[in-house]
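Here, residue 1 is the first one in the sequence, and each next residue gets the next number.
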Amino acid sequence: MSIPANKTLFRDVSILDSTGAEPYRGDVLVDHDRIVSVGATAPGAADGARVIEGRGRTLMSGLCDAHTHFTWNNSGDLDGLAALPVEEHLLFAIESARSYIDSGYTMCLGAASAKDRLDVVCRDAINAGRVPGPRYLANGPEIAVTGGELVKGITWFADGPEEMRKAVRRLIEIGVDQIKLSMTGEEITGTQRAEDTYMSDEEVAAAVTEAHRRGKRVCAHARSAESVKMCVRHGVDIVYHASFTDEEGMDLLESAKDWIFVAPGVNWLVATLYEAADFGYPQEAAEAAGYKRELEMATAAMIEMHRRGIRVLPGGDYGFAWTPHGTYARDLQHFVERFEYTPMEAILAATALGGEIMLRPHELGKVQPGYLADLLLVDGDPLADITVLQDHDKLNYIMKDGKFHKETPDQR
């Protein structure tokens, strides 16, 4: 339960400010929903403030998941997402929203909703203070062409440019913040290959033009080399997966790095390959389907994107049985262990770049004066051990908008 506070002073904390600077000891003062001072506090400025004694614990920005599915219900049954009654599905989505903020995630970008308005309803309830959750940009069901869907029951279909425009208009009408295109396959379906591309240039162009005309961004499930190139050519704003990006696609992404984002959803690949056996998908089947090869290709691609300065963000596809809600910070570990990021670079991708993908880089994702007070007080040093962010017990305090979502009573 959020506890209202006008002023809070975090005293003697290790400030990881997400500017790229090394952490330093100091104080951080919050007044209402904003950070007002970082490092040193002017005499009298903290009068009347509630004081949290940091004793060197790490104070950092809340995290961002760039590929969020509130409506994925921790099941291995993809078709069951369509069959779940809407009332129960809404309750689960609300619980997912809470799981994100419980995990230190204060920014999330919706990557598809299993039913038409579930994301929109969750976003509005969070914004109204009715339920706890991260700042959220809502999506609707993903759009696919006939024969190109991943899960038929949670998909809207559109064939040809005119149907694409109409589908985009209908999604905007229900209140989404961005549009999702499902452009390629996914090996676990057994029928749709990840390297297959189902949409035409004309269809993608029509969808993006219509969305942008209405001030909405477009994201895309795009694993194949050709789909990544189509995304850049036609202005898709956020590319999900991009596993099989080739040299031409890499050059295109680099040329667009000032406006495009990539979110690989790497934990889905790792967990589907190595951790899905208990849920009926053994490693042998995953390798036979192509997931080992895809993980190798995606790893090489993300290392190259990082080298070229393309904006790559963690997060994606949590909410399946083997990628359960609440384990989101595993992505940061994968960035360090697989993509050759330093811990600092992984944290910047999840914080400062989070502010950028949320379209609020001037007030989200950093511990700086004037920024919104979305903060984590971590009992540990994420730069020494990035996995500390996976331990919810180490997230001693979680603040959003200057209000505490979580407080851990001081035992020392």
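No hydrogens or angles considered: nothing links the side chains of Asp317 and Thr323 as a donor-acceptor pair under 3.5 Å. Using modelled atom types, one finds a donor on one side chain and an acceptor on the other under 3.5 Å when comparing Ser224 with Thr197. Side-chain N/O atoms of Tyr328 and Thr68 include no donor and acceptor closer than 3.5 Å.
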Go through the steps for Thr106 and His405 under the test side-chain contact (heavy atoms from CB on, under 4.5 Å), then give the verdict.
CA-CA 10 Å; Thr106 57; His405 169 73; over 6 Å; no
Walk me through it: do His325 and Asn73 pass the test side chain to side chain donor-acceptor pair (under 3.5 Å)?
CA-CA 8 Å; His325 284 290; Asn73 66 340; over 6 Å; no
Derivation and outcome, side chain to side chain donor-acceptor pair (under 3.5 Å), residues Asp77 and Ser75:
CA-CA 5 Å; Asp77 177 15; Ser75 169; 5.1 Å; no
Step by step, would you call His392 with Asp102 a side chain to side chain donor-acceptor pair (under 3.5 Å)?
CA-CA 8 Å; His392 292 189; Asp102 284 347; over 6 Å; no
Go through it in stages, so that I can follow the logic: the residues are Thr351 and Ser61, the test is side chain to side chain donor-acceptor pair (under 3.5 Å), and I'd like the CA-CA distance, side-chain angles, deciding distance and then a yes or no.
CA-CA 6 Å; Thr351 55; Ser61 166; 5.2 Å; no
Test log, rule side-chain contact (heavy atoms from CB on, under 4.5 Å), inputs Leu181 and Met199
CA-CA 9 Å; Leu181 303 179; Met199 287 188 179; 4.1 Å; yes
Could you walk me through whether Val228 and Ser243 pass the side-chain contact (heavy atoms from CB on, under 4.5 Å) test, one step at a time?
CA-CA 9 Å; Val228 173; Ser243 302; over 6 Å; no
Full working for side-chain contact (heavy atoms from CB on, under 4.5 Å) between Asp116 and Trp156
CA-CA 9 Å; Asp116 293 3; Trp156 283 15; 3.2 Å; yes
Could you go through Glu173 and Arg214, starting from their C-alpha distance and side-chain angles, then the distance that decides it, and tell me whether this counts as salt bridge (Lys or Arg N to Asp or Glu O under 4.0 Å)?
CA-CA 11 Å; Glu173 184 179 36; Arg214 299 287 297 275; over 6 Å; no
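Side-chain atoms of Glu195 never come within 3.5 Å of backbone atoms of Thr184 as a donor-acceptor pair (strictly under, hydrogens ignored). For Thr408 (side chain) and Asn396 (main-chain N/O), a donor-acceptor pair under 3.5 Å exists by modelled atom type. Side-chain atoms of Asp159 come within 3.5 Å of backbone N or O of Thr146 as a donor-acceptor pair. The backbone N or O of Asn267 lies less than 3.5 Å from no partner atom in the side chain of Tyr318, so there is not a single donor-acceptor pair. Between the side chain of Gln333 and the backbone N or O of Thr387, no donor-acceptor pair lies under 3.5 Å. Side-chain N or O atoms of His241 include none that pairs as donor or acceptor with a backbone N or O of Ala220 at under 3.5 Å.
Sequence neighbours left out, not one pair with a member in residues 269-289 passes ring pair (Phe, Tyr, Trp, His ring centres under 6.0 Å). Legend: salt bridge (Lys or Arg N to Asp or Glu O under 4.0 Å) pairs involving residues 256-279, not counting sequence neighbours, sorted by first then second residue: Glu275-Arg330.
By the 30° and 60° cut-offs, the orientation of the rings of Phe70 relative to Tyr136 is parallel. The aromatic rings of Trp72 and His69 lie parallel to each other, with less than 30° between the two planes, well short of the 60° mark.
Closest non-hydrogen pair, Gly39 versus Ile15, comes out as N-CD1, 3.8 Å. In terms of heavy-atom proximity, Met60 sits nearest to Pro382 at SD-CG, 4.0 Å. In this structure, Gly235 and His212 approach most closely via the heavy-atom pair O-CE1, 3.2 Å. In this structure, Pro23 and Met344 approach most closely via the heavy-atom pair CD-CE, 4.3 Å. When every heavy atom of Arg360 is checked against every heavy atom of Leu372, the shortest pair comes out as NH2-CD1, 3.4 Å. A pairwise comparison of heavy atoms in Ala66 and Tyr240 identifies O-OH, 2.8 Å as the closest pair.
Heavy-atom neighbours of Arg117 CZ from other residues, nucleotides or ligands within 6.0 Å: at or below the threshold of 12. In Glu88, the CD atom is crowded: over 12 heavy atoms of neighbouring residues, nucleotides or ligands sit closer than 6.0 Å. Remark: Arg169 CZ is packed, more than 12 non-hydrogen atoms of other residues, nucleotides or ligands lying under 6.0 Å away.
Arg307 has no carboxylate O lying under 4.0 Å from a charged side-chain N of Glu345, or vice versa, which leaves the two without a salt bridge. By the 4.0 Å N-to-carboxylate-O rule, Glu294 lies too far from Arg193 to be salt-bridged with it. A salt bridge links Asp251 with Arg308: the distance from a Lys NZ or Arg NE/NH1/NH2 to an Asp or Glu carboxylate oxygen falls below 4.0 Å. Ion pairing of Glu210 with Lys216 is absent here, as no side-chain N (NZ or NE/NH1/NH2) approaches a carboxylate O to less than 4.0 Å. Salt bridge present: Asp401 and Arg135 bring a charged side-chain N and a carboxylate O closer than 4.0 Å. Look at Arg55 and Glu53 and you find no salt bridge, because none of the NZ, NE, NH1 or NH2 atoms lies under 4.0 Å from a carboxylate O.
In this structure, the side chains of Gln368 and Ile35 stay at 4.5 Å or more apart for every pair of heavy atoms. Between Met183 and Cys231 the shortest side-chain heavy-atom distance falls below 4.5 Å. Between Leu376 and Leu63 there is a side-chain heavy-atom pair separated by less than 4.5 Å. With a 4.5 Å cut-off on side-chain heavy atoms, Lys115 and Val121 do not count as touching. You'll find the side chain of His334 stays beyond 4.5 Å of the side chain of Met302, heavy atoms only. No side-chain heavy atom of Val176 sits under 4.5 Å from any side-chain heavy atom of Ser113. With a 4.5 Å cut-off on side-chain heavy atoms, Leu377 and Ile52 count as touching. Side-chain atoms of Val30 and Leu375, non-hydrogen and from C-beta on, do get closer than 4.5 Å to each other.
Of the candidates Leu313, Asn139, Ile238, Ile238 is the only one forming a side chain to side chain contact (heavy atoms under 4.5 Å, CB included) with Leu109.
Asp119 contributes atom CG, which lies 10.0 Å from atom OG of Ser96 (distance to the nearest 0.5 angstrom). Here the CZ atom belonging to Phe92 is positioned 9.5 Å from the OG1 atom belonging to Thr71, to the nearest 0.5 angstrom. The distance from the NZ atom of Lys400 to the CG atom of Asp374 is 7.0 Å, given to the nearest 0.5 Å. The CD atom of Glu407 lies 11.0 Å from the CD1 atom of Ile398; values are rounded to the nearest 0.5 Å. The distance from the CG atom of Asp379 to the CZ atom of Arg57 is 6.0 Å, given to the nearest 0.5 Å. In this structure, Leu118 CG and Leu91 CG are separated by 10.5 Å, a value rounded to the nearest 0.5 Å.
Remark: Arg311 is positioned above the aromatic ring of Phe261, its terminal NZ or CZ atom under 6.0 angstrom from the ring centre and at most 45 degrees off the axis.
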